[in-house]
Amino acid sequence: MSTRIAFLKGHGTENDFVIIPDPENVIELPPAAVAALCDRRAGIGGDGLLHVVRSAAHPEARAMAAEAEWFMDYRNGDGSVAEMCGNGVRVFAHYLQRAGHVAEGDIAVATRGGVKTVHIAKEGDITVGMGKALLPEGDVTVSVGERSWPARNVNMGNPHAVAFVEDLDHAGDLYAAPPFSPASAYPDGVNVEFVVDRGLRHVALRVHERGSGETRSCGTGACAVAVATARRDGADPTVTDTPATYTVDVPGGRLVITERPDGEIEMTGPAVIVAEGEIDAGWLETATP
């Protein structure tokens with residue numbers, strides 16, 4: 001390993017990430033190393049890590065290399081692997097443009113949740129094709145303290161439980177994962193969104209992301225919320241044959257989510273790179289048990 005490792009820091013609606021460019025997949029990033037880098041006191045700090053790798057160089061992405069040159073090897077802040085991160089894809093695409101790997105317009109990005117189509121607009125916002133939501137059958141309940149709510153089970157390549165509440169403060173501190181039942185609904189854990197109405201086709205959320213705790217934003221969570229809200233409102237585009245667009249306020253900003261009649265979902269929002277530098281590989285080895 002080189003004695004210095006290049007990194008960048010970026011965010012999408014304040015969902016922040018450590019970015020490690022590694023086109024040929026030569027940098028070892030075990031879970032403990034990722035957790036050390038994402039540590040907000042002893043490391044760089046981030047909700048997660050974006051490992052930038054050419055699809056052909058990564059065993060999990062080689063099958064997608066013909067469709068997408070670049071693979072977003074995404075990790076949660078605790079080092080665990082995640083299938084997909086909507087805000088992360090926007091930041092990932094912004095990095096690729098900044099580095100000169102892609103230009104404005106449409107690009108394809110490989111993820112563990114499949115190949116995603118991304119549009120980089122001239123005015124700066126980035127739109128991600130998030131695919132279709134899956135709506136598993138069965139009742140789900142989430143709890144905080146003595147309060148419990150029914151939740152909508154929505155899968156966006158990763159699992160979500162969407163609960164509509166009267167006040168976002170009812171979500172509590174969200175340091176720990178809110179309990180849910182039945183346990184069989186989410187055998188690998190779940191992202192939990194608490195949602196309130198703000199106006200016509202306008203909602204706000206707080207979210208606990210598995211492996212990261214409460215975050216300032218969650219792209220797949222915003223999509224899951226829009227899907228659940230459309231069903232609640234009787235505006236299911238697959239039934240009405242009319243696109244449904246929702247403005248979703250997250251603690252770190254605002255996202256716009258559109259679900260089309262064919263079920264495809266698009267998410268539009270900002271992406272920002274705030275810093276770049278080098279990691280001391282010796283420190284990383286020391287920081288990794």
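Heavy-atom basis, side chains included; hydrogens, waters and symmetry copies ignored.
Note that CD of E214 and CG of L174 are 4.5 Å apart. Values are rounded to the nearest 0.5 Å. To the nearest 0.5 Å, atom CD1 of residue I5 and atom CH2 of residue W283 are 9.5 Å apart. In this structure, the separation between CZ on F7 and CG on L37 is 9.0 Å, given to the nearest 0.5 Å. Within the model, atoms CE of M72 and CZ of F92 stand 7.0 Å from one another, a figure rounded to the nearest 0.5 Å. Between atom CD of residue E193 and atom OG1 of residue T220 there is a gap of 7.0 Å, rounded to the nearest 0.5 Å. Considering CD of E285 and OG1 of T3, their distance stands at 10.5 Å, rounded to 0.5 Å.
None of D47, D16, N15, N87 except one satisfies the side-chain hydrogen bond (donor to acceptor under 3.5 Å, both in side chains) rule with S217; the exception is N87. The only member of V140, N155, V192 that meets side chain to side chain contact (heavy atoms under 4.5 Å, CB included) when paired with Y186 is V140. The only option from I120, V118, I107 that meets the side chain to side chain contact (heavy atoms under 4.5 Å, CB included) definition with Q97 turns out to be I120.
For the pair A185 and N153, the tightest heavy-atom approach, listed with the atom from each and the gap, is O-ND2, 4.3 Å. Summarising the geometry of P21 relative to I19, their closest heavy-atom pair is CD-O, 3.5 Å, with the distance given to 0.1 Å. Residue A228 comes nearest to V154 through the heavy atom pair CB-CG2, 4.4 Å, listed as atom of the first residue, atom of the second, then distance. Across all their heavy atoms, I257 and M267 have their closest contact at CD1-CG, 3.4 Å. Heavy atoms only, all atoms of each residue included: R90 and A271 are closest at O-CB, 3.6 Å. The two residues P159 and G189 have their closest heavy-atom pair at CG-O, 3.4 Å.
Checking side-chain atoms of S55 against main-chain N and O of M64 turns up no donor-acceptor pair under 3.5 Å. Between the side chain of N25 and the main chain of H58, no donor-acceptor pair closer than 3.5 Å is present. A donor-acceptor pair under 3.5 Å is formed between the side chain of R62 and the backbone N or O of A56. Judged purely by atom type and a 3.5 angstrom limit, S181 has no side-chain atom pairing as donor or acceptor with the backbone of A183.
Linking Ile, Leu, Val, Met, Phe, Trp and Tyr whenever their side-chain heavy atoms come within less than 4.5 Å puts L96 and V91 in one cluster. Grouping the Ile, Leu, Val, Met, Phe, Trp and Tyr side chains by contacts below 4.5 angstrom, directly or via other members, places L135 with F164. The hydrophobic clustering, which links ILVMFWY residues whose side-chain heavy atoms are closer than 4.5 Å, places F71 and L8 apart. With hydrophobic clusters built from ILVMFWY side chains whose heavy atoms lie under 4.5 angstrom apart, I27 shares a cluster with I44. Placement of M84 and M156 within a single hydrophobic cluster is found when ILVMFWY residues are connected by side-chain heavy-atom separations under 4.5 Å, directly or transitively.
When only modelled atom types and interatomic distance are considered, H202 and D249 share a side-chain donor-acceptor pair under 3.5 Å. Counting only N and O atoms by type, the side chains of N76 and S80 include a donor and acceptor under 3.5 Å apart. Between the side chains of E209 and T215, at least one donor N or O sits under 3.5 Å from an acceptor N or O. Remark: the N191 side chain and the H208 side chain contain no N/O donor-acceptor pair separated by less than 3.5 Å.
P237 places none of its side-chain heavy atoms less than 4.5 Å from the side chain of D241. The side-chain heavy atoms of T13 and P270, taken from C-beta on, include a pair separated by under 4.5 Å. At a threshold of 4.5 Å between non-hydrogen side-chain atoms, the residues R231 and R152 count as touching. Looking at R4 and I279, their side chains never come closer than 4.5 Å, going by heavy atoms from C-beta outward. In this structure, E266 and T117 have side chains that are not in contact, with every pair of non-hydrogen atoms separated by 4.5 Å or more. At a threshold of 4.5 Å between non-hydrogen side-chain atoms, the residues V250 and V207 do not count as touching. Looking only at side-chain heavy atoms (C-beta outward), P261 and P243 come within less than 4.5 Å of each other. At least one side-chain heavy atom of F180 sits less than 4.5 Å from a side-chain heavy atom of V190.
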- Under the side-chain contact (heavy atoms from CB on, under 4.5 Å) rule, what do V196 and V203 come out as? Steps first, then yes or no, please. CA-CA 6 Å; V196 295; V203 295; over 6 Å; no

- Task: For side-chain contact (heavy atoms from CB on, under 4.5 Å), just list the numbers for V227 and C223, CA-CA rounded to whole Å, side-chain angles, deciding distance to a tenth of an Å, and then say yes or no.
- Result: CA-CA 6 Å; V227 168; C223 293; 5.5 Å; no

- Just do the side-chain contact (heavy atoms from CB on, under 4.5 Å) check on V162 and V195 with the steps written out, would you? CA-CA 7 Å; V162 180; V195 186; 3.7 Å; yes

- Full working for side-chain contact (heavy atoms from CB on, under 4.5 Å) between V52 and Y95: CA-CA 9 Å; V52 184; Y95 163 75; 3.9 Å; yes

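Around atom CG of D139, no more than 12 heavy atoms belonging to other residues, nucleotides or ligands sit under 6.0 Å away.
With salt bridges taken as basic N to acidic carboxylate O contacts below 4.0 Å, one links E83 and R210. The pair K9-E276 does not count as a salt bridge, with every side-chain nitrogen at least 4.0 angstrom from each carboxylate oxygen. Of the charged side-chain nitrogens involved, at least one lies within less than 4.0 Å of a carboxylate oxygen, so that D262 and R260 count as a salt-bridged pair. A salt bridge is defined here as a Lys NZ or Arg NE, NH1 or NH2 lying under 4.0 Å from an Asp or Glu carboxylate O, and R75 with D73 meets this definition. Between K132 and E259 no salt bridge is recorded (no basic side-chain N to carboxylate O distance below 4.0 Å).
Figure legend: cation-pi geometry between R112 and Y74 absent, as NZ or CZ is not positioned both under 6.0 Å from the six-membered ring centre and within 45° of its axis.
In terms of the side-chain contact (heavy atoms from CB on, under 4.5 Å) criterion, P187 has no residue partners (sequence neighbours excluded). With sequence neighbours excluded, the residues satisfying side-chain contact (heavy atoms from CB on, under 4.5 Å) with E69 are R54.
Below 30°, between 30° and 60°, or above 60°: for F194 and W149 the angle between ring planes is above 60°, a perpendicular geometry.
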